Amino acid sequence: MRALPRAILTATLITVSIGVGSTPAHAGTGRGPAGQTLTATPTSGVARTGATVTVTGSGYDVTKGIYVAFCVDNGVGVAPSPCGGGVDTTGSTGASHWISSDPPSYGEGLAVPYGPGGSFRVTLTVNPRIGDVDCTVRRCVVASRADHTRTADRSQDVRVPVTFAAAATPAPTRTQAVAAPATTGAGGAARTTPPATPAGAAGTPTGGAPAPAATAVAPAGTGGPVGPADAGDQAQVTRVSAAADTGRWWLVALVVPLLGMALLAGLRRRRRRRATS
């Protein structure tokens, strides 16, 4: 029974140690030529509106000052440049930091000294543009490089690539139908061109010329023929009237027998009452 709790405790400790010791999935790490380690978090899916990236380093040569910044990557052997914030010795922009344990006299109080083992920890403000460079198209990196006192020294160059989130897909737009423009006919009168009738539509044969329009006959007593525009209305009214008359006849056919039956029943009751009295 004691073996089971021990096994559970061992598994829990192993899981915790793996979780603590592993690097987050959204973090990136770069290695320098002298074994330096540079880690940035996050480095993938960074918001296009900008984000704050935490940067840590270790194993750096404490006798050489560096800049830590977000820069355009120009390849191995070439200094990362340009960088966000430029040569910001004060770190006031948040886009770059100066780290040095032995800065020039004017840098005392401005540069941040290294920690034990050539380590440091800073935060950077990262945006998808560095000057005129679009970092969603060009490769941009969180980088360390020698400071302005050793601009040609590439021994402190370490890079960690950064990628930004995909651009949001715009919502589809609906195209509204545009009314046909009015054209001017003979005599300056304005007329509107009617829309074309699709092939095979009612009243238009598919073979070519349109079918002749049927002439509606006016109802008796109206005094004349009905034009094409009135034919549809007249036909509709005729159908409604026929339906209404049919409904009335059905009503009469049902109600009259019922009334007759009720009348006969009433007469029979009266006869029975008289007979009994």
Side-chain angles (χ1 to χ4, degrees), residues 17-62 64-101 110-148 150-151 153-167:
S17 63
I18 292 174
V20 173
S22 61
T23 301
H26 57 281
T29 300
R31 305 287 180 179
Q36 305 98 319
T37 300
L38 185 68
T39 301
T41 308
T43 56
S44 62
V46 178
R48 289 177 173 249
T49 55
T52 299
V53 176
T54 301
V55 184
T56 59
S58 62
Y60 282 80
D61 186 349
V62 297
K64 299 177 179 179
I66 61 171
Y67 286 122
V68 179
F70 183 55
C71 310
V72 177
D73 186 16
N74 297 313
V76 179
V78 181
S81 179
C83 299
V87 181
D88 182 14
T89 59
T90 65
S92 58
T93 64
S96 63
H97 294 275
W98 184 19
I99 299 173
S100 176
S101 294
L110 298 177
V112 177
Y114 286 102
S119 62
F120 60 85
R121 179 186 179 89
V122 295
T123 57
L124 294 176
T125 301
V126 172
N127 290 288
R129 297 196 72 88
I130 300 176
D132 295 332
V133 178
D134 185 353
C135 291
T136 63
V137 179
R138 287 282 302 274
R139 175 184 164 98
C140 296
V141 294
V142 169
S144 64
R145 48 171 289 184
D147 63 15
H148 60 282
R150 294 180 175 85
T151 56
D153 188 347
R154 305 271 64 82
S155 64
Q156 299 281 65
D157 289 0
V158 188
R159 302 171 178 81
V160 179
V162 174
T163 58
F164 291 87

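Position 1 is the first residue of the sequence, and the numbers go up from there. Every value quoted in this text rests on a predicted model; they were computed, and no experiment measured them.
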_Audit row: V141, V160, side chain to side chain contact (heavy atoms under 4.5 Å, CB included) steps and yes/no_ = CA-CA 5 Å; V141 294; V160 179; 5.8 Å; no
*Heavy-atom count around R154 CZ within 6.0 Å, excluding the residue itself: above 12?*
yes
_Considering all heavy atoms, the nearest V162-F70 contact_ = CB-CE1, 3.8 Å
*Close side-chain approach of K64 and S155, heavy atoms under 4.5 Å*: yes
*Does any N or O in the side chain of D147 come within less than 3.5 Å of the main-chain N or O of Y67, such that one atom is a donor and the other an acceptor?*
no
*Output the distance between atom CZ (R150) and atom CG (D61), rounded to the nearest 0.5 Å.*
8.0 Å
*Among V137, D132, I130, find the one that has a side-chain contact (heavy atoms from CB on, under 4.5 Å) with D134.*
V137
*Do you know the tightest heavy-atom contact between C135 and F164?*
CB-CE1, 3.8 Å
_Flag, side chain of T37 to backbone of S58, donor-acceptor distance under 3.5 Å_ = no
*Hey, is the main chain of P80 close enough, under 3.5 Å, to the side chain of D157 for a donor-acceptor pair?*
no
*asked:* Just verifying a value: how many Å separate R31 CZ and Q36 CD, rounded to the nearest 0.5 Å?
replied: 10.5 Å
*Could you tell me the separation between the OG atom of S100 and the NE2 atom of H148, rounded to the nearest 0.5 Å?*
9.0 Å
*Using modelled atom types only, decide if a donor and an acceptor are shared between the side chain of T43 and the backbone of H26 within a distance under 3.5 Å.*
yes
*Search all heavy atoms of A69 against all heavy atoms of C83 and return the closest pair with its distance.*
CB-CB, 4.0 Å
*After noting the C-alpha distance and the side-chain angles of T163 and S44, does the key distance pass the side-chain hydrogen bond (donor to acceptor under 3.5 Å, both in side chains) rule?*
CA-CA 5 Å; T163 58; S44 62; 5.1 Å; no
*What heavy-atom pair brings D73 and R138 nearest, and what distance separates the two atoms?*
O-NH2, 4.1 Å
*Is the backbone N or O of L124 less than 3.5 Å from a side-chain atom of H97, with the two atoms forming a donor-acceptor pair by type?*
no
*asked:* Tell me the closest heavy-atom pair linking I66 and W98, and the distance in Å.
replied: O-CD1, 3.4 Å
*asked:* Using a strict SG to SG cutoff of under 2.5 Å, would you count C140 and C71 as disulfide-linked?
replied: no
*Just do the side chain to side chain contact (heavy atoms under 4.5 Å, CB included) check on R121 and V112 with the steps written out, would you?*
CA-CA 10 Å; R121 179 186 179 89; V112 177; over 6 Å; no
*asked:* Test your reading of the model: is there a side-chain donor-acceptor pair from R48 to the backbone of A165, 3.5 Å cut-off?
replied: yes
_Given 3.5 Å as the limit, does a donor-acceptor pair link the side chain of Y60 with the main chain of L38, or not?_
no
*What closest approach, in Å, do V53 and A40 show between heavy atoms, and which atom pair accounts for it?*
CG1-CB, 3.8 Å
*Got a donor-acceptor contact below 3.5 angstrom from the R159 side chain to the G75 backbone?*
yes
*Any donor and acceptor pair, going by atom type alone, linking the side chain of R139 with main-chain N or O of T136 inside 3.5 Å?*
no
*asked:* Any side-chain to backbone donor/acceptor pair from S119 onto P116? Under 3.5 Å, distance only.
replied: yes
